[in-house]
Structures are given as C-alpha cells and as structure tokens.
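First up is the structure itself, then whatever we jot down about it.
Sequence lines set the chain letters: A, B, ... in the order given, protein chains first and strands last, and positions in each chain run from 1. Note that these values count all heavy atoms, side chains included, but never hydrogens, waters or copies made by symmetry.
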Amino acid sequence: MTATNLADIEYVVRTIAQTAVDKEKEFGDFDAVVGDGDLGYSLARGFEKVLADWDSYKREDVSTFLQQIAVTITSRIGGSSGPLWGTAFLRASVTAKQFNEITGTAAVAMLRAATDGIKARGNSDLGDKTLLDALVPATDELERMITSGANAADCREAFAKSTRERAEATSELEAKRGRASYSGERSIGSPDAGALAVAIIIERIVAGWPER
Amino acid sequence: MTATNLADIEYVVRTIAQTAVDKEKEFGDFDAVVGDGDLGYSLARGFEKVLADWDSYKREDVSTFLQQIAVTITSRIGGSSGPLWGTAFLRASVTAKQFNEITGTAAVAMLRAATDGIKARGNSDLGDKTLLDALVPATDELERMITSGANAADCREAFAKSTRERAEATSELEAKRGRASYSGERSIGSPDAGALAVAIIIERIVAGWPER
Amino acid sequence: MKKFVNNPQQFVPEMLEGLALANPDTLKYVPEYNLIMRADGPDQNKVSIVQGSGSGHEPAHVMIVGKGMLDAACPGDVFAAPPFDYVHETTKLMASPKGVLLLVNNYTGDKMVFEMAQEMSAAEGVNVKTLFINDDVSVEDSTYTIGRRGVAGNFFVIKAVAAAAERGADLDEVIRVGEKVNSVTRTMGVALTACTPPAKGSPLFELGEDEIELGVGIHGEPGRRRAKIMPANDIVEELLTPIVKDLPFSDGDRVALMVNGLGGTPISELYLLYGQAHKRLAEQGITVGRSYVGEYCTSLDMAGASITLVRLDDEIESLLNDPAEIPIRVF
Amino acid sequence: MKKFVNNPQQFVPEMLEGLALANPDTLKYVPEYNLIMRADGPDQNKVSIVQGSGSGHEPAHVMIVGKGMLDAACPGDVFAAPPFDYVHETTKLMASPKGVLLLVNNYTGDKMVFEMAQEMSAAEGVNVKTLFINDDVSVEDSTYTIGRRGVAGNFFVIKAVAAAAERGADLDEVIRVGEKVNSVTRTMGVALTACTPPAKGSPLFELGEDEIELGVGIHGEPGRRRAKIMPANDIVEELLTPIVKDLPFSDGDRVALMVNGLGGTPISELYLLYGQAHKRLAEQGITVGRSYVGEYCTSLDMAGASITLVRLDDEIESLLNDPAEIPIRVF
Ligand SMILES: Nc1ncnc2c1ncn2[C@@H]1O[C@H](COP(=O)(O)OP(=O)(O)O)[C@@H](O)[C@H]1O
Ligand SMILES: Nc1ncnc2c1ncn2[C@@H]1O[C@H](COP(=O)(O)OP(=O)(O)O)[C@@H](O)[C@H]1O
Ligand SMILES: [Mg+2]
Ligand SMILES: [Mg+2]
Ligand SMILES: [Mg+2]
Ligand SMILES: [Mg+2]
C-alpha cells in the first residue's frame, strides 16, 4: 500500500469532516422537517473532534487510520448518527485490510462493508428512507461504471450524481427508522436528512478531487 | 322623592352595567396597554351580577337601591375596581338620603361623594392618572353648567364631553396608582383605562337619556 | 390563543376543581369563594396563614396549601385581586382562636380589598392581621407610588411564617417573623415574552422578536426598561446587580438563592441561570446556603425568570428548613 | 430565538453545572461525560439505576437523580442520544456488585448506543442489563418500525425499579418490576406550539395559529394528526380515548393519572386538564388512586401536555409510594 493511497483517504475523511462542520445548520434544518433537528449538531460535534485530533491519528496504513476515526465518531457523535457512522467507518477500516491498494474496486468493497454495517447496526434496509437509500444504489452505480471501464473522473461524477438523485428520491418513501419514522405517511414528500447530507458530502469530495 | 327619580337612577345604573358587560373586551384592552388587562373582565363579572339580580333589588328609595348595588359590586368585582366602584356607589347612596329629589344639584353632590370615596379608598388624588382625572373635572363642569342656568340637555352633553376630554387628557399623566403605576414614565402617552371606561359609560348614559 | 381552556370565565374554577380532585385527602375547595383550604383546617391550635392574590401565578398560591405552608389560599380571577366577599368569607372560615394572618402582595387592588376584609372581620370579632410583601427591587419605592410590588420572594415569607405558626407562635410573633423575612428578601425579574390571559385571548403587551423586558412584574406590567436579547450570563448580571446593591447584600452574607420561572421557560434554562448566579455571588463573597430552582410564582405562560435573594440568619434558615407538605408532588 | 442561553453548544453542560451547584450535598457532575450521579454513589449494596436519553426533557432525567430514584442520568445533547463513550463510562462508573440497569426510551439512536454500551461493558465484566420503555400509544407498533416511543410514562418505570432496587431486589427482579410497570403504562401527548432547540435557534416545526398536533413526540416529532384548537375538555377526550382503549383500561381499574406539561404550558392549565381527565375516568368506572400533575418529561419550551395512565395493583402502588429525594425541591 502506498502513501498516496493514504493521502486520498485522508482527503476523503477530511472533506467529510469539514463538510459536516460547515453544513451544521443546513443538515439540522433537513432533519427538522420530519425528524428532530439534531443531525447537523451531532455530526458537527463529532467531526469537529476528528479535525481537532487530526494530527494525532496514527498513519501506519489506511485501516489503522480509519479505525481511529471510527472510535472518535462512535464516542463523540450522539443520536443515531454516532453508532451508524461509527460502524460504517469501522467496517470500512476492516475491509481496507484486504487491499494492498485502495483502487476503485477496493472503494466499492469498503462502501459495501460500510452500508452493510449500517444495516446491521440500525436494523434497517433499503426502502426505510435512510442514507442507505442514497448510498447503496450509488455504490451499485459506481461499481457498474468501474466494471464498464469508465475513467476515474467519470466514475466519481456518476457516483456523486447517483447519490444526489437517490437522496432526492427518498422524498417518495415513508420513514421507517429514526426519529423521522414517527411522522409516518407525513414523512412522504420531503427527502431523508441523512441521505441528503451524504449526497452533499460526496459532491464536495468529488468536486475537490482534482485539487486534493 | 318621586318614582320618576328612581326610574332615572335605574336607567343610569342599568346603562353602566350594560356598558360594562358589552365593552368587556374593549375595557380589557385599554387596561392592557400599561396595566394588567383585567379591568374589562372584572367590571363585566360584577355588573353581570347586577343585571342578573336586577329584579330582586328593593326599590324603596334611591338610597336603598344604590346601597344594594354597592354591595353587589364590592363583593363581586375583583381587582382595584371592586373596592373603588363599590365605595363610589356606597357614598352616592348615603348622599342620596339628603335629597328628596334627585335634581342636577343632587347628582353633583352624589358624584362628589363618589369621587371623594374613591380618593379615600384608593389613597389617590387628581393627577395620579386614574378615573378621578376624568370624573372630578367633569363633575366641576356639570356644576358650572347647572349654576349658569343651562338647560338639562346641555348640562348632560357638557358633562359627557368633559369626561371624554379629560379621560383622553390623562395620556399626558404618569400613572401613580394601580397596576399601571409600575410602568412609570412609560404610562405617559396612553390614556388611563378606568378614565376611558367611565367616559364611554357616561357617553352612553347621555346618548340614551331622551329614550330612557 | 392556544391554551388548554374551555370557557375562559371558568378557567380559575376549573383549575381549582382539578387541584382538589388531585388532592382529595389534603385539600378542600369551596367554589363559592374560589377558596382552597387544608381539608383538616382550620387548626384551632395555631395561627391560620392565608395568602390572597390574583390567579395566574400558579403554583402560587393555591398549590402551596398544606401542612407547614398555607392554611388557605384566596385567589381572585386571573391577575385580579379577589372580590371583597371572597376574602371576608375566607377570613371568617379560617378564624382560629390564635388568629388569622392575611399575607398580601403589595398592589393597590389587593391592599384595598384585604384591608377592607380585615377591618370588617375584626369588627365581627375575628383576630386577624394583614402583612404586605414587597420584595421587587425593580420598582422604585417612593411616597408618590403605592411602593414596591410583592413577587416571587413572597414564598420565603410564606414558608417562614407558616413554620413559625406550626411551631406555635402567636399572631404578633408570626408577624414579626414575616416582617423580618420580607425585610431581607429582594427580587428582580425579566420577561422574554408576554403572557396571554385566557379571558383576553391575546398577549398582554408586545415584545419584539429580539426584545426583553427587564424588571417585569408578575402581571405583565412593564418593567424598568426594554433591552435587546443578550447572553444568559449578562441577563443574570442585569438582575443580580440591582438586587445585591439594594439591601445591600455583601461579602460574608449567607443567602437563599431562588431562580423562579415565570411559566413558559423550561427548567433547563433556569438551572443554567442558577449556575451563573451562584458563581457570581461566590465571587462577591456571598455564599448560597439554600437553593430554589423551578416555578414558584409565575405569570401565566410568560417566558422569563426572576432571581430572589434572602439574607439568612440562624432563625430564618431554621424556619425555611422545617418540613412542609404541599400538592406539588414530584414522587 | 429568545432563551436564557450563552453558547448553544454549552447549553447542556452549563445547565448541568448549575444543577450540581444547586445540590452540592446530593449530586455530583462529571463534565467529561455529561454525567449526573448521586454524590454518595454508587451504592455497593443495590442495583444501580441509570437512565439515558437526549437532553431537553428536564426535569427528566438529570433532575431526578437521588435516593429512591436514579443513581445516575446519562444525557446526550438536546434531543440526541448520548455518544457511546458517555454511556460506556457511566456504566463502568456505576457498576455495583449487584449490577447496573440501563433504562432507555425506545428510540433508534438510544437503543443502538445503549445496546452497544451494554455489550461492551458486559464484555468487560460489568453485570449490566438494558430495559426499553415504550409507553406512547400515538405510535402504531408494527414490525415495520422500531415500535413505540418511550415518553413521560417512563417516570413510573423509573420510580418502581428504583424503589425495588432500594429495597434490595436483585437485577432480574428489578427488571421484572420494570417490565411489569412498562406493560401497564400508556401515554399520549398533544402540542400547542413547537419547541426551539437552542442550537437550531428556530422552532422545530410549524404549527398554524389555530393548529395543534395530536400524538406529538417529546422531540418535536410530528404526531398522529393535526387538528384545529379545541376546548380543553375535547383535547382530554382525544388523548384519553386512545389510551384507555389501548391497554385497555376498564371498569374497576385503579390507576395512577399523570398530566405532564411539555415545558411551555403553565401548571394552572395542567390542573384544568387533570380535573376533566379525572372526571371522565370516573364516568368509566376507573378510579384514580394516585395523581401527578406538573412537568415530568418535557420537550424544551413546547406548549402542550401528555396524559399517562398506569394500571395499579398492590405491588406497583406500594413501590410508587416509597420515599424518594430528588433535586426538584419545592420547600
Ligand atoms: N436505523 C437506521 N438505519 C439507517 N439509517 C438511519 C437509521 N436511523 C436513522 N438513520 C439515518 O440517520 C438520520 C438521522 O440521524 P440523527 O438525526 O443523528 O438521528 P435521530 O433520528 O436519532 O435523531 C436519518 O435521516 C437517516 O438517514
Ligand atoms: N388607587 C386608585 N385610586 C383611584 N383609581 C384607581 C386606583 N387604582 C386604580 N384605579 C383605577 O382603576 C383602573 C384599573 O382598575 P383594575 O384593572 O380593576 O385594577 P388593577 O390596577 O388592580 O388591575 C385604573 O385605570 C384607574 O382608573
Ligand atoms: Mg435527528
Ligand atoms: Mg387592571
Ligand atoms: Mg388587576
Ligand atoms: Mg435525535
């Protein structure tokens, strides 16, 4: 595994963290529509800590790095997001061990591990109107593009576009998990807060990739 | 003392009572500007009782009749208005005993007794921004008109007009009594609620006099 | 207006009926006079302690009737002193050989009606006295006004005189205690929003989106001045400074500190205020010996709070420490 | 937003600091984990009772820590389940040889984090179990959702398990008691206004001038349906009917009746609701054996209320009757 790989992962994590901090208000407002409005606050407080501890993380390899991020997130993010995002990072970290290099294929495997972890932790699945409904189909799309031999930039663009589309499409679903689920049918008509947040984060990662 | 006198007094009391009931909301709003908003409610609850008990009042003479009204008012009206208005009616009742007929002069004497009673009960005087600042000068005006030999209708009109003018003029005063007094200088600029209420009541009495 | 209310005219009676239904063993409700009294009262062996006032300040005072606190509360309608009859009948009903003390917050209407009732009942042979409470530092006391208002600090007077009465003190001694506590009690409040009396149906005054009212009264009367909303710690400063200056409280004093909610403010915010007040007092060498955080004397649904300080000595502290049983059950 | 707040991020810590300053003899505050625990805890001779949840529900749960109630409360930020670390550290700190019971309201986030902490602490040798509370009838329980929410009824579970623990019951027996009380407790709430989380700074949802939300949750989650404002007695009917039907409660039952304020509603209105609920139950042959009126589990500054019924038997009633000492001091 190369240092360049780690730099890419660092870029990705750093962008996630910075976006969560920058968009605290916006993510909170998404969650207020049918949820309880704390998503922005919870993510910001956790990822703020990630940024604060940034220099202290060990950087032996991608897996070790991600595992420490998982610990910070799990211990510092409240609400549903702490356990869910923490599990996602932990599973991605474990999966990263299988790869010498973080290729597109590795990224897909790590994303799958992450979403499988969220499903297990959240006792949830596709159709429950969660971030899974954006991230899982977008991962499928990313895999399809890679398999089809598309160039890296196109793959990234397709991934971001798909996440955004699927996040918006959660509007049609009825929430079955999280605080939003108590809104029942009334959750239909507005997109899931977690899914939108993930879409915005991924768009930022992709947009900044060339200058990372 | 003639029955006609009593009929006039009944008309006056009934109009006071009916106005207090009809104008509950308006009087309350006057009191809300710098006071605590309960004037309308307090007067309405008491005078409602006057109307409900109307047929049961003894009608031997004006004094007996007014004394019973005083009892109802004192016992049923809360806030500052109960003791003040009750005392006013009681003092008017006592004064009425001195007269065989309720002439203009008798009316002036009864009004003076009433306002003196309010001063004593309320430990208040002219300039404190209360109903006294409307009723006392208006009574002076009524007396002046009577002494000058004006006809009864003109006397009444002058009385109503003076009450209204003086009530409005309380705007310039700073409240020194009642809940409004805590507003201090900020009570300047809006008229006293009790004074306005008295003006409206007297205007109604005068307007309806010909058809009483 | 969105409130839990049926007919606004029945608001107070329906509340009192609920109170009595919730406390059948300890409270009695006499609907004719809005009266709430101890079910086993009046106790013939002690001075009866009665507090009168307008309604809208709950739990004051109907919900603090019970052994060790009030023997009866005599409330008027919302923000209106009770009519004369209510006070007169309550006084007669609560008459005990040791006497009756009528506790009254110092307002024009209340003062008149309680003085009248006291005179009348005394003339009828009842041993009754009145004590006026005036702890509000936001009103300048002057010969041109009726003087300071009684606000949340009245709780300390009530608690102390009730404890003294329960211990067997006679009427004069109970009054001495009450006057003493009143003389060392100071309060100042702030409103973040106006309150809405049920019968009025709209807010009693207008406060801008970013405005607060410093020195507000408990009937929605305006206070000392309007200000822009500021950090909680600065608000504590605005309230505490005039209170401390007024008595004055000083280095070495031991105090009771109350942070009282005005009705619409959650207790979380009250504790936040408490923390800052406690620390600011400590910096001035003033030690908090007893703390009170919650709703004691409210102004309907007004968001806001008041701070009260009482200078403690052994006698006052011991009286405040006596047991009391009131309907505000927690568990 | 007009609130008593300095930095919204410090809202919860500053409230907890105030709470600890006001109760120096009985409470200890551990800032690293937002933890409020009994100053003398953990008691090695009893099961430790710990409640976790988001903040914003005060007095639940940080203000009901004390002898006979909680040994510790482990709050997250406003409306957010506490992070894993907080729960994990609290659990270890509260470990007693007789074990630790983690009481949790049934929400996705809380459930995940407490289950994780329980697993982790158990793996580290702590004798710890979790009990989920789900008394809210406004949420349809189905296999497609996480199920019912825990709301104000959790107070009865807390009180009963705390009393059992205080009496010396072992962990399994404490859990039996808790499950039993939870199984006979039913709640439904209504919002008249939305609440404003300090960090958000604006109301969590929009309610029209004449709209109310029936079946609202304690985090501002929407409820069963919107309705126009209606007389208080009709609102009682809207809340009571689904509650009574659900268990069901029936003729001959003896119950505890709680009318809980959601934060912005004055206690006068709560007693008005109580009176009507009490009378409506009596008409159905349901007797109120114990009554609770006030704020127990709030939703910040939301105006509104919830009604809770608990079916009593001798065991439950006796546990509810046990003494408890908590910071919500009245006098
Ligand atoms: N059980 C679950 N499984 C997967 N995702 C979930 C689950 N519960 C919530 N989420 C996601 O988390 C978001 C809400 O996060 P957050 O606000 O932290 O939690 P909470 O719902 O407890 O307030 C939702 O918009 C959704 O995307
Ligand atoms: N001490 C007093 N003497 C004379 N009039 C008074 C006095 N106090 C109040 N008033 C009059 O009563 C009115 C208010 O009555 P009300 O609302 O019943 O009393 P409160 O001020 O106790 O709420 C005032 O507008 C004023 O005209
Ligand atoms: Mg949320
Ligand atoms: Mg008034
Ligand atoms: Mg008044
Ligand atoms: Mg949440």
Side-chain angles (χ1 to χ4, degrees), chain C residues 2-6 11 14-19 21-23 55-56 58-59 63-64 68-69 155 159 192-193 209-210 212 229 231-233 235 263-276 278-279 288 291-295 298 300-301 303 305 320 324 326-331, chain D residues 2-6 11 14-19 21-23 55-56 58-59 63-64 68-69 155 159 192-193 209-210 212 229 231-233 235 263-276 278-279 288 291-295 298 300-301 303 305 320 324 326-331:
Chain C
K2 288 193 287 183
K3 278 181 178 298
F4 296 116
V5 56
N6 296 298
F11 181 72
E14 287 181 6
M15 158 185 73
L16 298 179
E17 192 190 0
L19 178 62
L21 283 171
N23 298 277
S55 287
E58 293 70 24
M63 293 161 198
I64 59 163
M69 290 289 277
F155 259 79
K159 178 68 179 69
L192 303 188
T193 65
E209 267 306 304
D210 58 348
I212 63 176
I229 178 74
N233 288 355
I235 295 178
T265 287
I267 194 165
S268 46
E269 296 178 37
L270 301 180
Y271 268 108
L272 186 149
L273 295 175
Y274 177 87
Q276 176 65 8
H278 184 111
K279 288 189 284 182
V288 178
S291 60
Y292 300 81
V293 185
E295 290 178 351
T298 62
L300 294 168
D301 54 353
L320 293 181
I326 56 177
I328 314 179
R329 170 157 73 193
V330 268
F331 256 94
Chain D
K2 287 192 289 184
K3 279 184 180 294
F4 296 115
V5 56
N6 295 301
F11 181 72
E14 287 181 5
M15 157 184 75
L16 298 179
E17 191 190 1
L19 178 62
L21 283 171
N23 298 277
S55 286
E58 294 68 28
M63 293 161 199
I64 59 165
M69 291 289 279
F155 260 79
K159 180 68 177 70
L192 304 188
T193 65
E209 266 308 301
D210 59 347
I212 62 175
I229 178 75
N233 288 354
I235 294 178
T265 287
I267 194 166
S268 47
E269 296 179 36
L270 301 180
Y271 268 108
L272 187 148
L273 295 175
Y274 177 87
Q276 176 66 8
H278 184 112
K279 288 190 283 183
V288 177
S291 60
Y292 301 81
V293 185
E295 290 178 352
T298 61
L300 294 168
D301 54 354
L320 293 182
I326 56 178
I328 314 181
R329 170 156 75 192
V330 269
F331 256 95

Worksheet, complete the sentence: Comparing D:Glu209, D:Glu58, D:Lys2 against chain C, the one with the most heavy-atom pairs below 4.5 Å turns out to be D:Lys2
Worksheet, complete the sentence: Greatest number of non-hydrogen atom pairs under 4.5 angstrom with chain C, of D:Gly275, D:Ala232, D:Ala303, D:Pro266, falls to D:Ala232
Fill in: Check: C:Gly264 main-chain N/O paired with C:Asp301 side-chain donor or acceptor under 3.5 Å
no
Discussion item. Using a 4.5 angstrom heavy-atom cutoff, name the option from C:Glu14, C:Gln276, C:His278, C:Lys279 with the most pairs to chain D.
Written reply: C:His278
At a 4.5 Å cut-off on heavy atoms, which part of [X] comes close to chain D: side chain, backbone, both, or neither?
{"X": "C:Leu273", "result": "side chain"}
{"X": "C:Ser268", "result": "both"}
{"X": "C:Val288", "result": "neither"}
{"X": "C:Leu19", "result": "both"}

Discussion item. Can you tell me how the ring of C:Tyr274 sits relative to the ring of C:Tyr271, calling it parallel under 30°, perpendicular over 60° and tilted otherwise?
Written reply: perpendicular
Discussion item. On a heavy-atom basis, which atom in C:Val293 and which in D:Ala22 lie closest, and how many Å separate them?
Written reply: CG2-CB, 4.4 Å
Practice prompt. Search all heavy atoms of C:Lys159 against all heavy atoms of C:Ala324 and return the closest pair with its distance.
Written response: CE-CB, 4.1 Å
Worksheet, complete the sentence: Distance col, row D:Glu295:CD vs C:Ile267:CD1, nearest 0.5 angstrom, shows 7.5 Å
Item to complete: Calculate, to the nearest 0.5 Å, the distance between atoms CD1 and CD1 belonging to D:Ile229 and D:Ile212 respectively.
Response: 5.0 Å
